[in-house]
Each structure stands twice: as C-alpha cells, then as structure tokens.
Student: 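What follows is a single structure, and I will ask about it in a moment.
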2 protein chains.
Amino acid sequence: MGENQLSNTQLYIGIDGGGSKCRATIYNQALKPLGTGVAGRANPLHGLEQTFQSIQQSTELALKDAGLPIETCNELVAGLGLAGVNVGHFYQQIAQWQHPFKAMYLTTDLHTACIGAHNGEDGAVIITGTGSCGYSHVGEHSISLGGHGFALGDKGSGAWLGLKAAEHVLLSLDGFASSTSLTDKLLSHFNVDNAMGIVDNLAGKSSSIYAQLARYVLASANEGDAVAIAIVTEGAEYISALARKLFEINPSRFSMIGGLAEPLLPWLDEDVASKVSPSLSPPEFGACLYAQKQFNAAIAG
Amino acid sequence: MGENQLSNTQLYIGIDGGGSKCRATIYNQALKPLGTGVAGRANPLHGLEQTFQSIQQSTELALKDAGLPIETCNELVAGLGLAGVNVGHFYQQIAQWQHPFKAMYLTTDLHTACIGAHNGEDGAVIITGTGSCGYSHVGEHSISLGGHGFALGDKGSGAWLGLKAAEHVLLSLDGFASSTSLTDKLLSHFNVDNAMGIVDNLAGKSSSIYAQLARYVLASANEGDAVAIAIVTEGAEYISALARKLFEINPSRFSMIGGLAEPLLPWLDEDVASKVSPSLSPPEFGACLYAQKQFNAAIAG
C-alpha cells in the first residue's frame, strides 16, 4: 500500500476533556462519526493519572461503540482538546505522555470547541459549563480569555454560581448575610440541617460538585430571589464583558457552549445575546478537524 | 506505685495543628514546658496521612527537644486541637486513629486556642491566620462561627485576602477590572509577566500558598491602593461582625490570634478593637489544659 492509500483509510479520534467528563468520538477519513465513548473528568488540574485514565477509557468505549477491535487504538490519529492545558506545565506533562495513539495533537478544549462550533472556520466561542472561558480566532489573530479555574476565576460558570451560592448561604446561616431561598435548596440538596452539614459536603470538593448547585441558583433567580438574582447578574455581566472582548477582532460567528449557555442567555446584555449563533459541531469534532489538519501538514511537511 | 504517684509524674503534650504548620509542646505535671517541635501542616482537609505524619513528626521533635527518649511517646497524654475537625467525618477519622500516645483527647484548634488565650478561663477568640473563625465560651454556652474553609468562607483570613487579590489581579490583567498596585506585586512574587503565569502558580494550590499573598494586600492597602483597601475593609468588616456575634454571650475576655490578628487590628471597628486583650498562652498550652482536664475526669471516672 502506498502512503496515499494509507491516508485514505486513516481513522481519527476527537477527544474533548473537561472538569466533568471526557468525550471521545472516532471518525473515518470522510469525517463520518463511527462511535462515541464517555468517561469521567479529564482536567490535569484534578490529577494527571485520572486525566490519562479518562482519555483511555473514553477511547476504549468509542472503539467498542464503533465495533472496532481495541488494538485499532494505535492506528488512530488523535486530537485532544483539554481543559487546563493553557497552564504551561500541564501542557508539557500531557504532551510528554506515552500515549497509545498513532499520533496525538494537543490543544486547549477552548480551541477545539471553537473549531467545532464553526466547522473549522474562524469565529468566537464562550464556554460556560463547569468553568467559563472565551476564545476568538480570526486569521492570524486569536484571543483566549478567562479559564483561570475554580475559585480563582471562571466567573459566570456553574462552579462559580454554586460557590457564590454556598458562600452566601453559609454567611446567612451564621447570621452575617440576608436570607435567601437558596438556603433551603442547598440544605435539602445535601440532606442536612445546618451550615456544617453543607461544609461537610463541600470542603475540599472539586468544581464539578459545586457546579451541581448552579441549577438552584438559576431557579431561585428566575423565581425572583434577590440574592440569586445578584449572583446570576454578576456572572452574566462578566460573560457579556468577555464576549465584547472577543468581538474586538471581529469574528464572523459567535457561539455559546456548555450546560450554562442556554440558561444564562436571558441574563446576557442584548448586544451580546443577539449575536449568538448555534454551535455547528461538537468540540470532539473540532478536535478531530484539528488533528486531521496537523497530521496532513506533518505528512506533507 | 499508687495511682496518685503515677498521676504526679504524668507528662502531657499539647498539639496545635493548622493549615500551615503543626506545633507540639511537652509539659510536665506542673504544666512547665519541657520541649517543643514544629512540623508541616496538619489539616485533615489537606489529607489524613499528612495530618498524622505532621502530628508524629512534631511529637518526635518535641521529645528530642525535651531530652526524652522517643519511647516516652506512649506515656504522653495528648491534647489535640486540629483545624478541620469541626467537619464531622474528619473528627471521626482522626478520633479512630491508632495514635502512639497513652491517651488522646481531640477537639478543634479553635477550642484549644480559646482555652490557651484565657489560661483555661471563659472567653472568646478569633483566629485570623491562614483561615478565619471565632469561638466564645461562657459557662455552659459556647458559640463557634466561621471556619468554613478556603474558598467557601474564612473571610478576612490570609488565604481569603490572597484569593481576593489574585482574583482581582487576573480580572484586571484580562481587562475586566480596575488596575491596582497588587498586579506588580503578584507578578513579581511569582516572577512571571502575565495572567497565566499567576494561574500556573496558584491553580489547585492549598490555602497556605494563597495566604502568602496576604502581606501584599495589607501593604497595598496601607499605601492607599483602592482595590486593596476594598478587600481589607470587606475582610475586616466580617471579622468585626464575627466578634459582635461572639460578644452576645458576654465573654469576660476577648483575644485575637494568628498572623493576621495584628495587621488587621487598625481595620477593625473601634467597638471591637477596643475589646482585644492579649492572648495569655499559646494554643498548644490550651490543648494541654484540655487533655489534663479530660484525663483527670477519666481517672476520677
């Protein structure tokens, strides 16, 4: 078989790893999806071993779903979009991994999400899921903003909404802040009856545990609770400001991705909300497009 | 030897374990200190193994400092004041430890700090070190407030001041918040030149790393920086409110303990600041008094 023929049957795997889960999809040369696997979180910030495990597990599940033998793994050209690899030392540690693929191309989950959202064309995206961040790509220019991680940043994200709610509820239970309907919702979520019960369930926990509280904040805000409205408004103001920064290089399209994208939409400023276009393809397809481009360049190179 | 004679030569060890370090002091029956040892942090929130290691290491160093053989360990009656054991499951895990002492009595670092500060008498304390919390004890009444831990609560603590500073500096570097002299201080502290450099050094780090930034916030506030002043003022307002809650049961004495106690004093409301009395003895002496009282009660049983 010549090299062209090999390339014509090349299989790809696009992997999107974040703070809550890792999703992998296998594509054939024509970029038709063959199978998908979902595993646990894959954010190096929460541990390298877990990240590698989640990548491998989602890959194996995708191979199985595609009806391919597990040995096919070392024939796959992999595109990896991972949260956390905007932090330099995490990028290096993942890039140095003795990966099981034919080739692996690594970039941020933000970059692959943007490629996917606009089917490989230029554009901008904001991800508001467990975390929050923004990315804009036009020609040679790109802007990457936010994504500083749980507790340090990620305003407007699920984990941030949950953290703000928990903070306020604890202050309120101690008598230092105004009362809110969030108190009952959080106490009943954890099935406890006091502040220490909440702390017991949250102390030292990861961002995904906090993100589970976001739906209560949105529900309370939609019911008119002043504390919840203040939290959601502060988060949405940041997301609107983030979008305006991304618009500075005039991206032709803009999408919002992640579990909070839809519920936050009514809270965004009108000039931002009116610019939101649907995401065209999922982040793992973006990861596949990224890998294909890099791989073809390497072969041509 | 009768039991009384045994009791007359009983040795005690008072151990104060927190988010930054673990300090142990050995006392004789007359409560004269014989030797002290300091080891790394002992907060179960950061890991049980490390907590047990720090307790053992500080104990061994204290025995060495006291000129006692290491085997003396199993003759010591230990008082343990530990951060984090206000969280139920951590209390249980530490209490079930196969400890190396003759007897071990466990309570919160807040409780032993209060006993120490007022030499065993009733009173109130606020600890503002890596974390923040308050405790008041009068007769049968006690109040325990705050201490919800890094990121969730602990307003006015060193880690909270550091986190607020880092959050603001990152927003400012991304163009979402007003500029502040804290930016240069944090960039130079970490020897980096941009936001991701700061994130690289802080992502996933423990409260003690954030607490190291507190001195910059206090310095900037004292130099008139508006952002730093707003952060320190918000923290100090919480500490003042915390003190007023503790005063509700009319403690006869009130002390502030921890690395932030002194620098925060000028920022507290006058009605609170005027009530601060010096701490009479260190927390590890409080832990020793606690252990002695429990041990004598058990013997009298």
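The chains referred to below are lettered A, B, ... by the order of the sequence lines, with proteins before strands, and numbering in each begins at 1. Note that these values count all heavy atoms, side chains included, but never hydrogens, waters or copies made by symmetry.
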Student: Shortest non-hydrogen contact from B:Leu202 to B:Ala166?
Tutor: CD1-CB, 3.6 Å
Student: If you count heavy-atom pairs under 4.5 Å with chain B, which of A:Gly197, A:Ala195, A:Gly149, A:Gly175 comes out on top?
Tutor: A:Gly175
Student: Quick one: donor-acceptor pairs between chain A and chain B, under 3.5 Å, side chains and backbone, table format.
Tutor:
{"residue": "A:His89", "atom": "NE2", "partner": "B:Asp200", "partner atom": "OD1", "Å": "3.0"}
{"residue": "A:Gly146", "atom": "N", "partner": "B:Asp174", "partner atom": "OD2", "Å": "3.2"}
{"residue": "A:Asp174", "atom": "OD2", "partner": "B:Gly146", "partner atom": "N", "Å": "3.2"}
{"residue": "A:Asp200", "atom": "OD1", "partner": "B:His89", "partner atom": "NE2", "Å": "3.1"}

Student: To the closest 0.5 Å, what do you measure between CG (B:Leu152) and CG (A:Leu163)?
Tutor: 6.5 Å
Student: A:Val192 versus A:Leu186: any side-chain heavy-atom pair under 4.5 Å?
Tutor: no
Student: Answer with side chain, backbone, both or neither: which region of B:Leu242 has an atom nearer than 4.5 Å to a non-hydrogen atom of chain A?
Tutor: both
Student: Indicate the atoms forming the closest heavy-atom contact of A:Cys114 with A:Val125, along with that distance.
Tutor: CB-CG2, 3.6 Å
Student: Of the backbone (N, CA, C, O) and the side chain (C-beta and beyond), which part of A:Leu45 lies under 4.5 Å from a heavy atom of chain B, both, or neither?
Tutor: side chain
Student: Taking B:Ala151, B:Gly204, B:Gly153 one by one, which has the highest count of heavy-atom pairs under 4.5 Å against chain A?
Tutor: B:Ala151
Student: Do B:Val227 and B:Val169 come within less than 4.5 Å of each other through their side chains, counting heavy atoms only?
Tutor: no
Student: For a 4.5 angstrom cut-off between non-hydrogen side-chain atoms, does A:Leu173 reach A:Ile198?
Tutor: yes
Student: Can you name the side-chain contact (heavy atoms from CB on, under 4.5 Å) partners of A:Ala241, sequence neighbours left out?
Tutor: B:Phe176
Student: In the structure I gave you, are the side-chain heavy atoms of B:Val232 and B:Leu264 within less than 4.5 Å of one another anywhere?
Tutor: yes
